[in-house]
Amino acid sequence: MKKLSPNKKAFIALSACIIILTSIKFNNYQYSPKISYNDKYNPGSEEPFGTYRKGNIYIGDQEFIDRIFDESTDDVYVVDLRDMDNPDMEIYNSYEFRNRDEMMDILEVLQEYERRYPTNWYRTNPSMMNEWRIHNILYDISFERSHTREVDFDNLDEEIYDSKLLTKIFKD
């Protein structure tokens, strides 16, 4: 991997700070979920696990998601990698999701999936939202787009993104 010059690192850091600081809003926003679950779902089926306010949410292994992925829809495609040493859930094209309510809907569905089909995966919604937002900012400034195009919520990142300061900065 190519090393970044100190000037490029400074530019990226400054750009991220400007984006974060200009996005701070102060209000008493309340999230109201608009999700439903497919009670007939079985892991490994071709059916969506649930829906959010704009489409279906499909969760499955890499092969399944690659086979059904359709970029022309508002559906969400999640690769379930919770059986790894570092359990993980990866959202395809996560950079396309910007609306806080939609993002929260998706995170709630991931949490319900874990409740119904438990593993050693553990992430909190605030840390996942912080990580997702940072991925989106980095994608917007064209920083390693091959890595920031999808957000992956692995266990080791919980500690990194579980920040009350980040959560306050990203409040809508």
Side-chain angles (χ1 to χ4, degrees), residues 1-2 12 16 31 33-163 166-167 170 172:
M1 182 180 352
K2 185 176 161 185
I12 290 169
Y31 166 64
K34 292 188 180 172
I35 53 182
S36 64
Y37 302 102
N38 178 355
D39 291 326
K40 296 177 182 174
Y41 176 84
N42 288 312
S45 74
E46 300 281 319
E47 297 290 316
F49 173 70
T51 63
Y52 77 115
R53 59 192 74 220
K54 289 182 78 177
N56 293 317
I57 299 176
Y58 295 91
I59 303 174
D61 64 22
Q62 186 78 53
E63 180 184 325
F64 169 66
I65 297 300
D66 286 343
R67 187 173 66 250
I68 67 163
F69 180 67
D70 181 354
E71 199 163 350
S72 68
T73 71
D74 288 324
D75 291 342
V76 178
Y77 301 91
V78 181
V79 179
D80 181 358
L81 301 166
R82 296 173 307 143
D83 61 347
M84 307 287 283
D85 288 339
N86 181 17
D88 191 6
M89 298 281 267
E90 179 181 299
I91 300 176
Y92 268 36
N93 288 355
S94 60
Y95 72 94
E96 293 181 344
F97 299 94
R98 304 302 175 134
N99 179 282
R100 183 180 190 276
D101 288 339
E102 293 169 13
M103 293 165 78
M104 283 300 299
D105 285 351
I106 295 163
L107 296 179
E108 287 295 326
V109 170
L110 293 182
Q111 295 289 11
E112 181 62 23
Y113 188 81
E114 173 62 20
R115 281 188 287 275
R116 291 186 188 192
Y117 310 103
T119 64
N120 290 325
W121 181 73
Y122 175 77
R123 288 297 300 268
T124 61
N125 284 357
S127 77
M128 288 191 290
M129 182 63 84
N130 291 339
E131 182 175 0
W132 198 340
R133 291 268 175 96
I134 288 172
H135 266 72
N136 285 353
I137 289 167
L138 294 173
Y139 184 85
D140 289 344
I141 63 172
S142 299
F143 182 76
E144 295 190 25
R145 281 195 158 175
S146 63
H147 296 289
T148 57
R149 180 180 182 91
E150 278 84 33
V151 65
D152 63 315
F153 300 123
D154 65 77
N155 281 1
L156 293 178
D157 286 346
E158 174 68 21
E159 215 173 285
I160 296 168
Y161 295 102
D162 184 23
S163 163
L166 282 177
T167 302
F170 287 131
D172 285 332

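- In this structure, D66 and V79 have side chains that are not in contact, with every pair of non-hydrogen atoms separated by 4.5 Å or more.
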> How far apart are the C-alpha atoms of T167 and N130, what are their side-chain angles, what is the distance that settles it, and do they pass the side chain to side chain donor-acceptor pair (under 3.5 Å) test?
Replying inline: CA-CA 6 Å; T167 302; N130 291 339; 3.0 Å; yes
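- Side chain of T124 to main chain of D162: no donor-acceptor pair is present (N/O by atom type, distance under 3.5 Å, no hydrogens or angles).
- The six-membered or imidazole ring of Y92 lies away from that of Y77, with a centre-to-centre distance of 6.0 Å or more.
- The OG1 atom of T51 lies 7.0 Å from the CD1 atom of I57; values are rounded to the nearest 0.5 Å.
- Counting only distance, with no hydrogens or angles, the side chain of S45 and the backbone of Y41 share no donor-acceptor pair below 3.5 Å.
- The two residues M129 and R100 come nearest to each other via the heavy atoms CE-O, 3.9 Å.
- The shortest non-hydrogen separation linking N86 to L156 is OD1-N, 3.2 Å.
- Distance alone, capped at 3.5 Å, is enough to place a donor-acceptor pair between the W132 side chain and the S94 backbone.
- In this structure, the side chains of N93 and E150 come closer than 4.5 Å at one or more pairs of heavy atoms.
- No side-chain heavy atom of W121 sits less than 4.5 Å from a side-chain heavy atom of Y113.
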> Checking side chain to side chain donor-acceptor pair (under 3.5 Å) for the pair Y31/D105: CA distance, chi angles, key distance, verdict?
Replying inline: CA-CA 9 Å; Y31 166 64; D105 285 351; 2.5 Å; yes
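- When every heavy atom of V76 is checked against every heavy atom of I106, the shortest pair comes out as CG2-CD1, 3.5 Å.
- Atom CG in D83 sits 7.0 Å away from atom CG in L81 (nearest 0.5 Å).
- Here I35 contributes atom CD1 and E112 contributes atom CD; the two are 8.0 Å apart, rounded to the nearest 0.5 Å.
- Expressed to the nearest 0.5 Å, how far CG of D152 lies from CG of D157 amounts to 6.5 Å.
- At least one side-chain heavy atom of I65 sits less than 4.5 Å from a side-chain heavy atom of Y58.
- R149 has a carboxylate O that lies under 4.0 Å from a charged side-chain N of E71, or vice versa, which qualifies the two as a salt bridge.
- The local environment of CG in D85 is sparse, with at most 12 non-hydrogen atoms from other residues, nucleotides or ligands closer than 6.0 Å.
- Taking 4.5 Å as the limit, every side-chain heavy atom of M128 sits out of range of all side-chain heavy atoms of M89.
- Taking the side chain as every heavy atom from C-beta outward, I59 and Y117 never approach each other to under 4.5 Å.
- Residues D74 and Y52 form a side-chain contact, since some pair of their non-hydrogen atoms from C-beta on lies under 4.5 Å apart.
- Annotation for E114 and N120: closest pair OE2-N, 4.4 Å, computed over non-hydrogen atoms.
- Nearest approach of E102 to N99, heavy atoms of both residues: N-OD1, 3.0 Å.
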>> Before you tell me yes or no, could you show the steps for Y37 and V109 under side chain to side chain contact (heavy atoms under 4.5 Å, CB included), namely the whole-Å CA-CA distance, both residues' side-chain angles and the distance that decides it to 0.1 Å?
In response: CA-CA 8 Å; Y37 302 102; V109 170; 4.0 Å; yes
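- A donor-acceptor pair is defined here as one N or O able to donate and one able to accept, closer than 3.5 Å; such a pair exists between the side chain of D88 and the backbone of F153.
- In this structure, CG on D39 lies 8.5 Å from CZ on F49, to the nearest 0.5 angstrom.
- Evaluation of the side-chain hydrogen bond (donor to acceptor under 3.5 Å, both in side chains) rule for Y161 yields no partner, not counting sequence neighbours.
- When side chains are defined from C-beta on, D75 does not count as touching I68, because their heavy atoms never get closer than 4.5 Å.
- The backbone N or O of Y139 sits less than 3.5 Å from a side-chain atom of R145, completing a donor-acceptor pair.
- When every heavy atom of P48 is checked against every heavy atom of N38, the shortest pair comes out as O-ND2, 3.1 Å.
- For the atom pair CG of N136 and CE of M103, the computed distance is 5.5 Å after rounding to the nearest 0.5 Å.
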